[in-house]
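Values below: every heavy atom of this structure, side chains too, minus hydrogens, waters and symmetry copies.
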Amino acid sequence: MQIDSKYRQDPRWPAIEAALGSLRERHRRAVRIVDADCGAGGFLIAVAEQARAMGFTAIEGRGLGGSPAMIGRARAAAKRHRHAAMGLVFERGDTADALAEERDFPADILVCHRCGTQMHAAATCVIGDPSEKMAA
């Protein structure tokens, strides 16, 4: 499946590709990605599709958001992108609480806007807006 060009134009996309590439260089076949502000889910789905295109055989994606309508759209979009290698879950709730849960078993990649320092404990690699400092 081809990735929508609007996601490839996102300023975070090069960091996404680099993080996935780094994991593949270490012979990783599985990846866990969390999108802390998933909106309608399109970006997380695009990242999961990119991971699949790069050879990951087990992709777990968790989208977090506060809007019931947007989470509903994200869930509908995930149904259209079903693949045996991908497990996508979209949840409504408080991002801070959800990320606190992630600290026990941090994700490989956390995608966010306005990533605060508290988010850095929730993932090995935090990818935020380019104007912010990012952890690799």
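- For the side chain to side chain donor-acceptor pair (under 3.5 Å) test, no residue two or more places apart in sequence or in another chain qualifies with Arg29.
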Next item on the list: Report the C-alpha separation of Val111 and Leu44 in whole Å, then their side-chain angles, then the decisive distance to 0.1 Å, and conclude whether the side-chain contact (heavy atoms from CB on, under 4.5 Å) test is met.
Entry: CA-CA 8 Å; Val111 180; Leu44 178 58; over 6 Å; no

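- In this structure, Arg12 is positioned above the aromatic face of Phe43, its NZ or CZ under 6.0 Å from the six-membered ring centre and within 45° of the axis.
- Within the structure, the side chain to side chain donor-acceptor pair (under 3.5 Å) test picks out the following pairs touching residues 83-92 (sequence neighbours left out): Arg52-His83, Arg62-Glu91.
- The side chain to side chain contact (heavy atoms under 4.5 Å, CB included) search around Ser22 returns Arg26, not counting sequence neighbours.
- Note: Ile109 CD1 to Cys125 SG = 5.5 Å, rounded to the nearest 0.5 Å.
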Contacts under 3.5 angstrom, residues 63-73 side chains, donor-acceptor by atom type, not counting sequence neighbours:
from, atom 1, to, atom 2, distance (Å)
Ser67, OG, Ala69, N, 3.4
Ser67, OG, Met70, N, 3.2

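- Residues satisfying the side chain to side chain contact (heavy atoms under 4.5 Å, CB included) criterion with Gln50, sequence neighbours excluded, are Ile3, Arg8, Trp13, Glu17, Leu20, Met54.
- Partners of Ala74 by side chain to side chain contact (heavy atoms under 4.5 Å, CB included), not counting sequence neighbours, listed by chain and number: Phe90.
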Checklist line | Working for side-chain contact (heavy atoms from CB on, under 4.5 Å), residues Leu23 and Asp108 | finding: CA-CA 9 Å; Leu23 290 168; Asp108 296 302; 4.0 Å; yes

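- Under the ring-ring contact (aromatic ring centres under 6.0 Å, His included) criterion, no residue pair touches residues 51-72, with sequence neighbours excluded.
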Next item on the list: Begin from the C-alpha positions of Ile16 and Tyr7 and carry the test side-chain contact (heavy atoms from CB on, under 4.5 Å) through to its verdict.
Entry: CA-CA 11 Å; Ile16 295 286; Tyr7 300 115; over 6 Å; no

